[in-house]
Structures are given as C-alpha cells and as structure tokens.
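Worksheet: one structure, shown below.
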Amino acid sequence: MSKRYWLMKTEPDVFSIDDLERNKTTLWEGVRNYQARNYMMKDMQVGDEVLFYHSNAKPPGLAGFATVSKLAVADPLQFDKKSKYYDKKATKEKPIWHCVEVQFKKKFERYISLEEIKAQKNLASMLVIKKGMRLSIQPVEEKDYKEILSIGLRPHAEK
DNA sequence: GCCAACGTTGGC
DNA sequence: GCCAACGTTGGC
C-alpha cells in the first residue's frame, strides 16, 4: 500500500510537539471516537506521515510532523480503572480501542496557525479548516501535506 | 466561558 | 429504529 498522510490533533497542555521530541515516540492513547480509531486500526501503515496539530492552543495550528512507527495495538488505558479513558466494556481478549505508535520527525521552523491555513487558497480542501470538524485524526491529501511541509520548513528569514 | 456542531446513549 | 437529552470538542 502506498504511503498515506494524516493529521493528528493533540492539546499541547496534555501532550505537545515538545513532549514528542523529548520522548521520540508515543502511543497515541486516549482516542475514543470510532472513526478516528478505525483510521488507526485499518488504514495507518508504518511509514505513514503525520501532521502534528495543536488544538485548544493559542493559536491552534500545525507544530511539526511525525511518522507512524508501529501498527495499532490495544490501547492500554482502556483497561486502567484509574484512567479517564477506562472502558469497562473492554477486555484483554476483546479490546475496543486501538492506537498506533507515532515517532517524532521534526518541529516546524515556523508554526502554521489555523488562521494561516484558512488563508491559503491552495489548502482549501484540508478537512481541519472545515466548520464543525472535530475528528481528531484526519486523512490529508499528499499535495496538501507537501505544501504544509514546505511552509513549515521554510526558514523565518524567507518570509 | 460561550456555544455550535457533532457523537453517543437510552427510553420508547 | 427514532429522536431527545446529554456529553464532548474546540474555535472564538
């Protein structure tokens, strides 16, 4: 299967691009939405590339990029009674929630705010700018991914 | 903190 | 299987 591109949202107060840079990899735990889960379970392949989105941030936007480093496994938090992501319907034999492992690639030279994405005509098809789009994991078109990277990796001086 | 836009739950 | 009530997301 050819490589796919994704956007994954996280609240930087909880887990930011700097946390990912420090940890190198992370299990993308805590997704409790079936559509987002299905993307991780069924569609994500090792090597797929991921835009790292800071939601509930000031301002919200894209902070860097990463890659899928492991296929989906059962999300351990669904078995953890103390976790807010605990799910009493899940069992080890029949886990409900799955998550991939994501590996840090690079923090953008230039943070790309949501406002800036909205202003770019050639990024108009990106799902993240659509009104009411709450899905925390979204597919991204290759052309949009490449465009975002070229903006994000451009040195400040070239502005 | 507000609230629109969704997703989920549960009564019927 | 409908749909009202409720919960959550996330920009503003």
Side-chain angles (χ1 to χ4, degrees), chain A residues 4-23 26-44 48-68 72-102 104-141 143-145 147-152 154 159:
Chain A
R4 296 199 192 194
Y5 302 88
W6 306 94
L7 178 150
M8 296 173 94
K9 294 184 189 172
T10 169
E11 300 192 22
D13 290 347
V14 180
F15 190 83
S16 74
I17 188 86
D18 295 318
D19 295 321
L20 184 62
E21 182 170 22
R22 201 173 312 121
N23 297 354
T26 189
L27 262 186
W28 208 265
E29 299 166 317
V31 169
R32 293 295 178 267
N33 169 284
Y34 284 102
Q35 204 178 343
R37 179 205 69 172
N38 289 344
Y39 283 139
M40 288 200 283
M41 252 175 94
K42 300 178 178 172
D43 296 326
M44 283 192 181
D48 281 5
E49 298 199 36
V50 174
L51 296 174
F52 198 96
Y53 182 85
H54 280 178
S55 63
N56 260 322
K58 288 180 270 205
L62 292 165
F65 65 106
T67 186
V68 175
V73 296
D75 181 341
L77 296 183
Q78 71 194 307
F79 310 122
D80 181 356
K81 284 205 171 80
K82 294 191 292 287
S83 168
K84 73 179 224 185
Y85 296 112
Y86 175 67
D87 189 334
K88 62 179 187 308
K89 293 200 286 288
T91 65
K92 298 265 184 188
E93 292 71 31
K94 290 216 162 168
I96 297 171
W97 304 106
H98 297 74
C99 51
V100 295
E101 184 190 85
V102 168
F104 178 78
K105 290 288 262 192
K106 202 164 197 306
K107 194 171 160 177
F108 286 149
E109 302 294 325
R110 225 158 64 75
Y111 183 81
I112 308 173
S113 69
L114 182 61
E115 189 183 25
E116 198 175 342
I117 300 168
K118 284 179 176 167
Q120 289 275 338
K121 284 222 176 63
N122 52 353
L123 295 175
S125 63
M126 286 194 76
L127 294 173
V128 70
I129 61 174
K130 300 260 191 308
K131 194 177 179 189
M133 173 45 83
R134 304 185 313 174
L135 194 58
S136 65
I137 298 178
Q138 306 170 4
V140 172
E141 289 174 37
K143 69 171 179 64
D144 293 335
Y145 184 85
E147 177 68 19
I148 291 289
L149 250 61
S150 86
I151 298 171
R154 194 178 299 159
K159 228 179 178 182

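- Closest-nucleotide positions on DNA chain B for Asn56(A) and Tyr34(A) were compared, and the one nearer the 5' end corresponds to Asn56(A).
- With rounding to whole Å, Leu135(A) atom CG is found 17 Å from dA4(B) atom C1'.
- Residue contacts shown for Lys118(A) are limited to sugar-phosphate atoms, with no base heavy atom under 4.0 Å away.
- In this pair, Phe15(A) and Trp28(A) present their aromatic rings perpendicular. The plane angle is above 60°, beyond the 30 to 60° band.
- Going from atom NZ of Lys130(A) over to atom C1' of dT9(C) covers 18 Å, rounded to whole Å.
- With respect to the salt-bridge test (charged N to carboxylate O, under 4.0 angstrom), the residues Glu141(A) and Arg4(A) do not qualify.
- The nearest whole Å value for the distance from the NZ atom in Lys131(A) to the C1' atom in dT9(C) is 15 Å.
- If you take CG of Asn33(A) and P of dG7(C), they are 18 Å apart, rounded to a whole angstrom.
- Distance, Lys89(A) NZ to dG10(B) P: 8 Å, rounded to whole Å.
- In this entry the distance linking CZ of Arg32(A) with P of dG10(C) reads 15 Å, nearest Å.
- Not one side-chain nitrogen or oxygen of Lys58(A) sits closer than 4.0 Å to the OP1 or OP2 atom of dG10(C).
- When the P atom of dT9(C) is taken as reference, atom CD of Gln138(A) falls 15 Å away, rounded to whole Å.
- Distance Leu114(A) CG to dT9(C) C1': 14 Å, rounded to the nearest Å.
- Ring orientation note: the planes of Tyr145(A) and Phe65(A) are nearly perpendicular, at an angle over 60° on the 30°/60° scale.
- Side-chain atoms of Tyr53(A) lie closest to dG11(C) of the nucleotides dG11(C), dG10(C), dG7(B).
- Results of the side-chain contact (heavy atoms from CB on, under 4.5 Å) test with Trp97(A) over Val31(A), Asn33(A), Asp75(A) single out Asp75(A) as the only residue that passes.
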